[in-house]
Amino acid sequence: MSFQAVKGTRDFYPDAMRLRNWITDAWRRVSLRNGFEEFDSPIFEYLDLFAAKSGPEIAEQLFSFTDRGGRNLAIRPEITPALARMVNARINALPRPIKWFSIPRLCRAENPQKGRLREFFQWNIDIIGEDSPLADAECVFVAIDAMRELGLTAGEVAVRYSSRALTSRVLAAVGVTVADVPAVLAVLDKRAKVPAEAFAEMLAKAVPDEPARQAIGRFLQIDNPMGISADQLAGLVGIQADPQIAAAQRDLERFARGLEDFGAAEWCRYDSNVVRGLAYYTGIVYEVFDRDQSLRALAGGGRYDNLLEVLGGPKVGGTGFGMGDVVLGILLEEKGKLPADLRNPRLDFFVVDGLEGQLGKVLEVVGALRRAGLSADFSYKSQPVGKQLKEANRRGAARAAIVKQDVVTVKNLSSGVQQDRPLAEFLDKPT
RNA sequence: GUGGGUGUAGCUCAGUUGGUUAGAGCACCUGGUUGUGGUCCAGGGGGUCAUGGGUUCGAGCCCCAUCAUCCACCCCA
């Protein structure tokens, strides 16, 4: 009888674990320096929490089960509902804006393929209780800050953003009913992913009215809706000017200016094709992509002003993004960004028995080093100095401490330089 | 759920129209050599050739089924 890891899951052997930590450590570092606090939630929740946010169909796409008390539970496929739940529970006590981050382990019952597994880690950055588009801009800045931290450049990844508020209002203005807007948005989301004819066909099905379709086409051509007035935009599309459209434009404009002030503008551009699926987004939305666009999105996010309310809280808006470890890992690997020294664990000292037969003294030295906060290891086997140094080298030790009668020879294993020191002194002050 | 590709050692892969006890490199273990390491040499462990059936005198190789995995579609919080 032999077992293997479940479909779509990964074992993290030490090599892979170092890589995972390298990424999550960077996420954590970046979060903290941008003023975010870490939180976490249980790995399973009531199924209804996810169903309330995403509809009952979601149950098919997550791992759910019934506990012995008859409760319907599910492993979290995302952490945002839990975030909303936690914030709602203390909404009046938390100082705002609430800037929180998390690096949860998530599971989704989908078929695995490139960049998509059934279990993964996802970095989440959220700002709740701040309506200004500057909060959205700050989130994008944080995403870019992380890209840079991991060694990626503006030539390798890009952020594409748009405004769901603007797009929705324009659709309404050309005559798409409120009920049909989600379906049309779903079609727009396909624009860059399917051939032009296929897109035209899908759009014709969703919007039977020919003039309305042409107006939508004109809107999609606009590549700088924040650089023109509401009247100009209305004129270009062929619709009536609308205060809500003007408001959405102003938000986009403040968002774009914020990105510029943050020094992040070169990473970002407006793209009307960005819609973000059928999610709960209400305002600015964005995705981070590799420039070659050979992979899935590295991250996606946007503003969600109704989510807390939908989950039983007050109408407090939020904005944020999620970034998964899988696609990011593939991109970093493909671009050769993984640091070479991830191959070896760091070891400050490897303690060598220089006289073969005084393991006790070796342990004494190892203990002293470890108490001093240095990483140190040794060989269990009694063997010649040469073999021990071979092991030290294999273990990636920076230095070897060769213990003799009353002397320790400290050898730098990269330069080969070595120096004798009295044992007592070394034990007292190893560095 | 649908379609396609691939399954031989821990990893990357050889394996001739089907022909004895299935191989290499890397990794691992042991020993030797190098003044105290990175080199080099020798040896070793490890494979029911994914699984089950079939064809054949004979199957890693051909056929069928199953399973796994990868890629794409659906979906994508």
Side-chain angles (χ1 to χ4, degrees), chain A residues 1-11 13-16 45 49-55 57-62 74-84 104 106-118 120 122 124 126 186 189-190 193-194 198 275-281 285 287 294-302 304 307 310-311 320-324 326-327 330 343-344 347 350 352-356 379 381 383-404 408-420:
Chain A
M1 194 83 183
S2 74
F3 297 95
Q4 64 181 76
V6 174
K7 177 202 282 278
T9 66
R10 293 168 288 177
D11 287 324
Y13 286 84
D15 272 352
E45 299 268 357
L49 176 68
F50 305 116
K53 198 210 114 183
S54 308
E57 320 82 57
I58 195 72
E60 316 252 319
Q61 294 171 63
L62 38 75
I75 302 175
R76 60 187 181 185
E78 59 170 332
I79 204 172
T80 311
L83 166 66
L106 306 177
C107 292
R108 297 177 184 174
E110 299 177 300
N111 276 337
Q113 53 191 282
K114 190 173 187 185
R116 184 197 222 183
L117 300 174
R118 288 189 166 182
F120 55 96
Q122 187 185 69
N124 282 76
D126 287 279
D189 186 54
K190 291 274 178 280
K193 299 165 188 164
V194 301
V275 175
R276 294 296 299 152
L278 294 171
Y280 46 89
Y281 295 111
V285 291
E287 293 181 333
S294 58
L295 301 173
R296 304 171 160 277
L298 290 155
Y304 48 90
L307 183 60
V310 166
L311 295 182
F321 69 84
M323 178 183 296
V326 183
V327 177
I330 293 171
R343 302 279 174 258
N344 285 320
L347 202 54
F350 192 89
V352 171
D353 182 353
L355 300 177
E356 264 185 83
S379 174
K381 283 174 292 197
Q383 56 185 356
V385 173
K387 289 290 182 196
Q388 294 185 69
L389 284 168
K390 195 180 284 241
E391 188 171 344
N393 192 60
R394 189 159 46 78
R395 295 288 302 278
R399 284 163 289 180
I402 304 164
V403 182
K404 295 163 186 169
V408 173
T409 302
V410 177
K411 177 168 183 139
N412 182 314
L413 289 172
S414 51
S415 67
V417 175
Q418 63 182 54
Q419 186 191 1
D420 283 355

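Labels below follow one simple rule: chain letters A, B, ... track the order of the sequence lines, proteins then strands, and each chain is numbered from 1. When reading the values below, keep in mind they use all heavy atoms of this one structure, side chains included, and skip hydrogens, waters and symmetry mates.
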Original post:
Considering only the P atoms, how many Å lie between rG31(B) and rG47(B), rounded to the nearest integer?
Top reply: 23 Å
Original post:
Residues in side chain to side chain donor-acceptor pair (under 3.5 Å) with S54(A), at least two apart?
Top reply: none
**OP:** Please measure how far the P atom in rC62(B) lies from the corresponding atom in rA14(B), and state the result in whole Å.
**Re:** 14 Å
Original post:
Minimum heavy-atom separation for L311(A) to A52(A), with atom names?
Top reply: CD2-CB, 3.8 Å
Subject >> Pairwise C1' distance, rU30(B) and rG23(B) [rounded to whole Å] >> reply: 23 Å
Original post:
What residues form a ring-ring contact (aromatic ring centres under 6.0 Å, His included) with F50(A), not counting sequence neighbours?
Top reply: none
**OP:** Take atom CD of E78(A) and atom P of rC75(B), then tell me their distance rounded to the nearest Å.
**Re:** 18 Å
Original post:
On RNA chain B, nearest-nucleotide positions of S54(A) versus L117(A): which is more 5'?
Top reply: L117(A)
**OP:** In whole angstrom, give the distance that lies between atom CD1 of I75(A) and atom P of rA77(B).
**Re:** 20 Å
Subject >> Gap in Å between the two C1' atoms, one belonging to rA59(B) and one to rC64(B), rounded >> reply: 15 Å
Between protein and nucleotides 1-3 of chain B, what N or O pairs are separated by less than 3.5 Å?
residue	atom	partner	partner atom	Å
rG1(B)	N7	N111(A)	ND2	3.3
rG1(B)	O6	N111(A)	ND2	2.5

Subject >> Closest heavy-atom pair and its distance - K404(A), L355(A) >> reply: C-CD1, 3.7 Å
**OP:** Determine the Euclidean distance between corresponding P atoms of rC67(B) and rG60(B); express it in Å to zero decimal places.
**Re:** 24 Å
Original post:
Closest heavy-atom contact between P77(A) and L106(A)?
Top reply: O-CD1, 3.6 Å
Original post:
What about R108(A): does its side chain form a donor-acceptor pair under 3.5 Å with the base of rA77(B)?
Top reply: yes
Original post:
What stems involve RNA chain B, if each pair must be Watson-Crick or G-U and both of its distances must be under 3.5 Å, with 3 or more such pairs in a row?
Top reply: B:1-7 with B:67-73, B:10-13 with B:23-26, B:28-32 with B:40-44, B:50-54 with B:62-66
Original post:
Taking only residues two or more places apart in sequence or in another chain, which ones pass ring-ring contact (aromatic ring centres under 6.0 Å, His included) with Y304(A)?
Top reply: Y280(A)
**OP:** Please test R116(A) against E110(A) for side-chain contact (heavy atoms from CB on, under 4.5 Å), starting from the C-alpha separation and ending with a verdict.
**Re:** CA-CA 8 Å; R116(A) 184 197 222 183; E110(A) 299 177 300; 3.1 Å; yes
**OP:** For Q388(A), answer base if it contacts any base atom (sugar-phosphate contacts may also be present), sugar-phosphate if it contacts only those atoms, and nothing otherwise; contact means non-hydrogen atoms under 4.0 Å.
**Re:** nothing
**OP:** Take atom C1' in rC61(B) and the same atom in rU16(B), then report the distance between them in whole Å.
**Re:** 11 Å
Subject >> Separation of rA77(B) C1' from E45(A) CD (nearest whole Å) >> reply: 14 Å
Original post:
Does Q113(A) place a side-chain N or O at less than 4.0 Å from the phosphate oxygens OP1/OP2 of rC73(B)?
Top reply: yes
Original post:
With no angle test and no hydrogens, is the base of rC76(B) tied to the side chain of R116(A) by a donor-acceptor pair under 3.5 Å?
Top reply: yes
**OP:** Would you classify L106(A) as touching base, sugar-phosphate or nothing, given that sugar-phosphate means primed atoms plus P, OP1 and OP2, and contacts are heavy atoms under 4.0 Å?
**Re:** nothing
Original post:
Contact class for K381(A) vs. all strands (heavy atom < 4.0 Å): base, sugar-phosphate, or nothing?
Top reply: sugar-phosphate
Subject >> Gap in Å between the two P atoms, one belonging to rU66(B) and one to rG4(B), rounded >> reply: 13 Å
**OP:** Taking all heavy atoms of K411(A) and all of G416(A), pick out the closest pair and write down the distance.
**Re:** CE-O, 4.0 Å
Subject >> Length of the CD-C1' vector between Q418(A) and rU36(B), whole Å >> reply: 7 Å
Original post:
To the nearest angstrom, how far is L83(A) atom CG from rA77(B) atom P?
Top reply: 17 Å
**OP:** Please report the C-alpha distance between N393(A) and E391(A) in whole Å, then the side-chain angles of each, then the deciding distance to 0.1 Å, and finally whether the side-chain contact (heavy atoms from CB on, under 4.5 Å) criterion is met.
**Re:** CA-CA 5 Å; N393(A) 192 60; E391(A) 188 171 344; over 6 Å; no
Original post:
In whole angstrom, what separates F50(A)'s CZ from rC76(B)'s C1'?
Top reply: 16 Å
**OP:** Using the C1' atom on both, measure rG25(B) against rU21(B) and round to a whole Å.
**Re:** 23 Å
Atom pairs, N/O to N/O, protein against nucleotides 66-68 of chain B, distance under 3.5 Å?
residue	atom	partner	partner atom	Å
rA68(B)	O3'	Q4(A)	NE2	3.3
rA68(B)	O2'	Q4(A)	NE2	3.4

Can you tabulate the close N/O pairs, meaning under 3.5 Å, that link protein atoms to atoms of nucleotides 5-9 of chain B?
none

Subject >> Separation of rC70(B) P from R118(A) CZ (nearest whole Å) >> reply: 10 Å
Write down the protein N/O and nucleotide N/O pairs, taken from nucleotides 37-42 of chain B, whose separation is under 3.5 Å; answer none if there are no such pairs.
residue	atom	partner	partner atom	Å
rG37(B)	N7	K411(A)	NZ	3.4
rG37(B)	N1	L413(A)	O	2.5
rG37(B)	N2	N393(A)	OD1	2.6
rG37(B)	N2	L413(A)	O	2.9
rG38(B)	O4'	N393(A)	ND2	3.1
rG38(B)	N1	L413(A)	O	3.2

**OP:** Mind checking side chain to side chain donor-acceptor pair (under 3.5 Å) for Q122(A) and listing every partner two or more places apart, or none if nothing turns up?
**Re:** none
Subject >> Non-neighbouring partners of R108(A) that pass side chain to side chain donor-acceptor pair (under 3.5 Å), sequence neighbours left out >> reply: none
**OP:** Under the side chain to side chain contact (heavy atoms under 4.5 Å, CB included) rule, collect the residues that match up with A82(A), sequence neighbours excluded.
**Re:** S41(A), E45(A), I79(A), R85(A)
Original post:
Does the side chain of Q418(A) pick up a donor-acceptor pair with the side chain of R399(A) at under 3.5 Å?
Top reply: no
Subject >> Under 3.5 Å side-chain donor-acceptor pair for S379(A) and Q388(A) >> reply: no
Subject >> Most 5' of V6(A) and K404(A) on RNA chain B, judged by nearest nucleotide >> reply: K404(A)
Subject >> Derivation of the side-chain contact (heavy atoms from CB on, under 4.5 Å) call for V352(A) and L389(A) >> reply: CA-CA 7 Å; V352(A) 171; L389(A) 284 168; 4.2 Å; yes
Subject >> Atom-to-atom span, CZ of R10(A) to P of rU69(B) - whole angstrom >> reply: 15 Å
Subject >> Pairing residues for K7(A) by the side chain to side chain donor-acceptor pair (under 3.5 Å) criterion, not counting sequence neighbours >> reply: none
Original post:
Is a donor-acceptor contact shorter than 3.5 angstrom present between the side chain of K114(A) and the base of rU69(B)?
Top reply: no
Original post:
Within the side chain of N412(A), is there an N or O that forms a donor-acceptor pair under 3.5 Å with the backbone of S414(A)?
Top reply: yes
**OP:** I would like to know whether L62(A) and I75(A) meet side-chain contact (heavy atoms from CB on, under 4.5 Å); could you show each step before the answer?
**Re:** CA-CA 7 Å; L62(A) 38 75; I75(A) 302 175; over 6 Å; no
